[in-house]
Amino acid sequence: MRYELVIFDNDGVLVDSEPISNRLLAAYLTELGHPTSYEDSIRDYMGSAMHRIHDLVLERTGRRLPEDFDDVFHRRVFAAFERELKAVAGAGDVLEKLVADGVPFCVASSGSHERIRVGHRTTGLDRWFDDSRVFSSQDVGRGKPAPDLFLHAAERMGVAPERCVVVEDSPLGVQAAVAAGMEVYGFTAMTPAARLAGAHQLFSDMGELADLLV
């Protein structure tokens, strides 16, 4: 394999959480007086750290979200995860293949550590990720599209950025990976290919990924 480290985004790449979280985010923002459709949420917030949601709402409306916004939103998301969340089809097979081939991998997500862990426990993916392989936007000053999170993950894993490949499904994540000097594979299962045009490779079925990485 030509890469020394595979860095996975989490939401939408390893766990099929984007439909759940964006549905709930749109509903909660609308409830707070910021009318938002599911499609709006996907377009504007998919792949974002929580601070970007606050920033965009303030920029657009001049109003701040409630101080407890993150806590309330995460409670709703975690409850829905327990009921509905599944791993992305083929994700476990890709991870198993990487282990068999001796290729290091990790996850670098805009989500909080708690969100990552809840998703992994619910779907059984926690068997692949101990704490040394999990990185969150909480660990750095700026989330995606800044490159900080991916550079942090590479540094902690001891691999030069140019020897890493990132697997992403959001435009913000693709931007962040490119800014970090890494190759990026865009997963188009939920995101139109045109929105991931900056990726070096596009694919729509997670089952294809292991062969593409060789």
Side-chain angles (χ1 to χ4, degrees), residues 1-15 18 46-49 51-52 87-88 90-113 115-116 119-120 125 128-214:
M1 186 171 290
R2 61 185 182 272
Y3 304 107
E4 296 176 12
L5 176 66
V6 182
I7 304 177
F8 290 93
D9 176 44
N10 190 56
D11 294 294
V13 171
L14 295 176
V15 296
E18 294 292 10
M46 183 171 158
S48 300
H51 69 79
R52 188 169 185 272
V88 167
D93 294 336
V94 170
L95 298 173
E96 189 169 355
K97 179 72 162 52
L98 293 176
V99 170
D101 291 344
V103 179
F105 58 87
C106 65
V107 62
S109 171
S110 293
S112 66
H113 279 282
R115 177 181 173 128
I116 298 166
H120 286 185
L125 292 179
W128 305 109
F129 294 97
D130 60 27
D131 288 343
S132 68
R133 294 180 187 235
V134 175
F135 305 100
S136 160
S137 61
Q138 290 179 312
D139 303 330
V140 295
R142 300 179 300 167
K144 306 168 189 178
D148 304 34
L149 176 57
F150 290 138
L151 292 173
H152 172 70
E155 181 181 13
R156 291 291 300 274
M157 296 294 291
V159 178
E162 63 269 20
R163 301 300 304 155
C164 300
V165 62
V166 174
V167 184
E168 264 287 354
D169 71 330
S170 77
L172 293 176
V174 170
Q175 291 175 48
V178 171
M182 301 175 180
E183 291 200 13
V184 54
Y185 283 33
F187 183 42
T188 62
M190 269 195 65
T191 308
R195 297 197 68 209
L196 302 179
H200 298 84
Q201 175 82 42
L202 298 175
F203 69 106
S204 60
D205 183 338
M206 191 57 66
E208 304 170 9
L209 181 60
D211 290 336
L212 292 174
L213 292 173
V214 175

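Listed by chain and residue number, nothing satisfies the side chain to side chain donor-acceptor pair (under 3.5 Å) test with Ser109 (two or more places apart in sequence, or in another chain). Every residue two or more places apart in sequence or in another chain that forms a side chain to side chain donor-acceptor pair (under 3.5 Å) with Glu18 is listed here: Asn22. Under the side chain to side chain donor-acceptor pair (under 3.5 Å) criterion, Arg133 pairs with no residue, sequence neighbours left out. Residues passing the ring pair (Phe, Tyr, Trp, His ring centres under 6.0 Å) test with Phe129, sequence neighbours excluded: Phe105, His120. With sequence neighbours excluded, no residue satisfies salt bridge (charged side-chain N to carboxylate O under 4.0 Å, His left out) with Asp130. Legend: residues meeting side chain to side chain contact (heavy atoms under 4.5 Å, CB included) with Ser137, ordered by chain and number and at least two apart, are Ala49. Take His51 and apply the side chain to side chain donor-acceptor pair (under 3.5 Å) test, not counting sequence neighbours, and it matches no residue.
Val13 has its side chain within reach of Met206: a pair of non-hydrogen atoms, C-beta onward, lies under 4.5 Å apart. With a 4.5 Å cut-off on side-chain heavy atoms, Phe8 and Leu98 count as touching. A 4.5 Å side-chain heavy-atom check between Ile116 and Ser136 finds at least one atom pair inside the cut-off. With a 4.5 Å cut-off on side-chain heavy atoms, Phe135 and Ile7 do not count as touching. Contact annotation: the side chain of Trp128 never approaches that of Leu14 to less than 4.5 Å [non-hydrogen atoms, C-beta and beyond]. Annotation: side chain of Val6 is in contact with side chain of Val165 (closest heavy-atom distance under 4.5 Å).
Among residues at least two apart or in separate chains, there is no salt bridge (charged side-chain N to carboxylate O under 4.0 Å, His left out) pair with a member in residues 198-214.
Between the CG atom in Leu172 and the CE atom in Met46 there is a gap of 9.5 Å [rounded to 0.5 Å]. To the nearest 0.5 Å, the span separating CG on Leu209 from CG on Asp93 amounts to 11.5 Å. Of the inter-residue distances, the one linking Leu213 atom CG with Asp101 atom CG reads 10.0 Å to the nearest 0.5 angstrom. For the atom pair OG (Ser110) and CG (Asp11), the distance works out to 8.0 Å, reported to the nearest 0.5 Å.
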Name each donor-acceptor pair under 3.5 Å that joins a side chain in residues 178-198 to protein atoms two or more places apart or in another chain, with its distance.
| unit_1 | atom_1 | unit_2 | atom_2 | d |
| --- | --- | --- | --- | --- |
| Glu183 | OE1 | Tyr3 | OH | 2.6 |
| Tyr185 | OH | Arg2 | NH2 | 2.6 |
| Tyr185 | OH | Tyr3 | OH | 3.2 |
| Tyr185 | OH | Leu212 | O | 3.4 |
| Thr188 | OG1 | Phe203 | O | 3.2 |
| Thr191 | OG1 | Asp169 | O | 2.5 |
| Arg195 | NH2 | Arg43 | O | 3.3 |

Which atom pairs, one a donor and one an acceptor, fall under 3.5 Å between side chains of residues 141-158 and the rest of the protein, sequence neighbours left out?
| unit_1 | atom_1 | unit_2 | atom_2 | d |
| --- | --- | --- | --- | --- |
| Arg142 | NE | Asp148 | OD2 | 3.3 |
| Arg142 | NH2 | Asp148 | OD1 | 2.9 |
| Lys144 | NZ | Asp9 | OD1 | 3.0 |
| Lys144 | NZ | Ala108 | O | 3.2 |
| Lys144 | NZ | Glu168 | OE2 | 2.6 |

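The heavy-atom pair separating Gly47 from Ser170 by the smallest distance is CA-OG, 3.8 Å.
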